[in-house]
Amino acid sequence: MNIKARDFKKIVILTGAGISAESGISTFRDANGLWENHKVQEVATPEAYARDPQLVWKFYSMRRIQAAKALPNPAHRALINFAANAGSEIHLITQNVDVLHERADITGKLPPLCMHGSLNQSRCTHCETVYLDDHAYFDLDGNYAPSRTELCSAEERTRDEYLHHYKLEYAHFLPLSPCCKAPLRPHIVWFGEIPFFMAKIEKRLRECDLFVSIGTSGQVYPAAGFLQVAKSHNARTVCINKEAIPQSHMIDVFLEGKAAEIVPDFFA
Ligand code: APR
């Protein structure tokens with residue numbers, strides 16, 4: 001079946017770590033799920049933050065530094081070009097927290113729903129206010145050394161919620177929120193937490209005529225169930241990935257290979 005994205009009116013795109021692979025961001029699974037001998041599940045949980053918030057901030061500081069060094073690749077850019085020029089309605093949902101979709105999109109044509117949060121945001125643990133925050137609080141050696149990573153765009157830096165507008169206070173080397181002087185945490189959905197925007201996502205999945213999944217292993221729910229929801233509401237389904245995924249029986253067209261090569265062609 002030779003179909004292209006431009007043949008459809010309402011498109012939902014779901015992206016995962018594979019779309020950023022060619023930008024040099026390794027996935028948890030590539031690294032055998034380990035970070036400095038900690039299982040990622042042991043640093044990316046509410047329990048880990050309660051037990052050792054400094055360790056968790058070290059991990060996310062490292063991820064902010066790495067993400068800031070990466071650049072969007074042709075797959076990120078192709079989605080933006082398509083959104084800017086196509087007559088279709090397009091919704092982008094990403095499980096990625098790396099901010100590369102946003103950094104590819106200087107005109108803001110395709111704002112992603114970041115269902116797992118975002119590395120350029122932090123949240124007050126008391127009142128849940130979300131701040132734009134591109135600090136790395138610890139350097140790559142794990143030393144306390146707050147610095148900016150430039151993960152926020154020039155436009156974001158002008159907004160009130162940009163953390164650098166406030167005088168930051170710290171307690172025990174941990175940043176405190178300007179609103180409540182309570183500890184800040186990364187605005188990331190950790191294992192065991194509920195992803196953001198689920199009601200909006202469900203609605204879009206029910207209404208789309210094309211669902212495209214790109215660079216996601218189909219192992220982590222609820223995103224792993226989106227194909228089924230779209231398919232059961234009569235959408236055509238396309239999967240672009242380097243390897244087969246468990247939901248293969250629900251895929252109409254499987255395009256096997258690297259996202260940076262296939263996405264620009266499918267979304268031409
Ligand atoms: N092009 C296309 N696909 C690729 C590429 C590439 N260049 N490189 C890797 N892939 C594929 C892999 O084969 C794999 O199937 O991308 C998929 C990435 O899978 P995961 O690492 O499991 O990433 P993802 O599906 O996004 O994980 C979901 O799990 O780790 C948690 O919260 C984290 O958001 C993440 C979620």
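Numbers for residues simply follow the sequence, beginning at 1. In listed order, ligands and their atoms are each counted from 1. All values below were derived from every heavy atom in this structure, side-chain atoms included, with hydrogens, water molecules and symmetry-related copies excluded.
Of the N and O atoms on the side chains of H91 and E89, at least one donor lies less than 3.5 Å from an acceptor on the other residue.
With K242, E261, Q95 as candidates, the residue nearest to atom 28 (C) of ligand 1 on a non-hydrogen basis is Q95. Atom 10 (N) of ligand 1 has its nearest heavy-atom neighbour, among G18, S213, A17, in G18.
Atom NE2 of residue H233 and atom CD of residue E207 lie 9.5 Å apart, to the nearest 0.5 angstrom. To the nearest 0.5 Å, atoms OG1 (T216) and CD1 (I245) are separated by 7.0 Å. To the nearest 0.5 Å, atoms NZ (K58) and CG (D52) are separated by 7.5 Å.
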Between side-chain atoms of residues 254-268 and protein atoms elsewhere (two or more places apart, or another chain), which donor-acceptor pairs fall under 3.5 Å?
{"unit_1": "D265", "atom_1": "OD1", "unit_2": "K4", "atom_2": "NZ", "d": "3.4"}
{"unit_1": "D265", "atom_1": "OD2", "unit_2": "K4", "atom_2": "NZ", "d": "3.2"}

If you look only at distance, which donor and acceptor atoms sit under 3.5 Å apart when one is on a side chain in residues 172-180 and the other is two or more places apart or in another chain?
{"unit_1": "S177", "atom_1": "OG", "unit_2": "C180", "atom_2": "N", "d": "3.4"}
{"unit_1": "S177", "atom_1": "OG", "unit_2": "K181", "atom_2": "N", "d": "3.4"}
{"unit_1": "S177", "atom_1": "OG", "unit_2": "A182", "atom_2": "N", "d": "3.2"}
{"unit_1": "S177", "atom_1": "OG", "unit_2": "A182", "atom_2": "O", "d": "3.2"}

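For ligand 1, the atoms closer than 4.0 angstrom to any heavy atom of G257 are 1 (N), 2 (C). Here is the list of ligand 1 atoms found below 4.0 Å of a heavy atom in G16: 26 (O). Of all atoms in ligand 1, numbered sequentially from 1 with element shown, those under 4.0 Å from a heavy atom of A259 are 1 (N), 2 (C), 6 (C). The atoms of ligand 1 that sit less than 4.0 Å from any heavy atom of G215 are 3 (N), 16 (O), 17 (C), 18 (C). In the vicinity of E243, heavy-atom distances shorter than 4.0 Å reach the ligand 1 atoms 12 (C), 13 (O), 14 (C), 15 (O).
At a 4.0 Å heavy-atom cut-off, ligand 1 touches V220 through the side chain alone. Only side-chain heavy atoms of E22 come within less than 4.0 Å of ligand 1; its backbone N, CA, C and O stay farther off.
Relative ring orientation between W190 and Y49 is described as tilted, the plane-to-plane angle lying within the 30° to 60° band.
When only interatomic distances are considered, the shortest N/O to N/O separation between I245 and ligand 1 does not fall below 3.5 Å. Looking at ligand 1, you won't find any N or O of K258 less than 3.5 Å from one of its N or O atoms.
Within a 6.0 Å radius of NE2 in H126, other residues, nucleotides and ligands contribute 12 heavy atoms or fewer.
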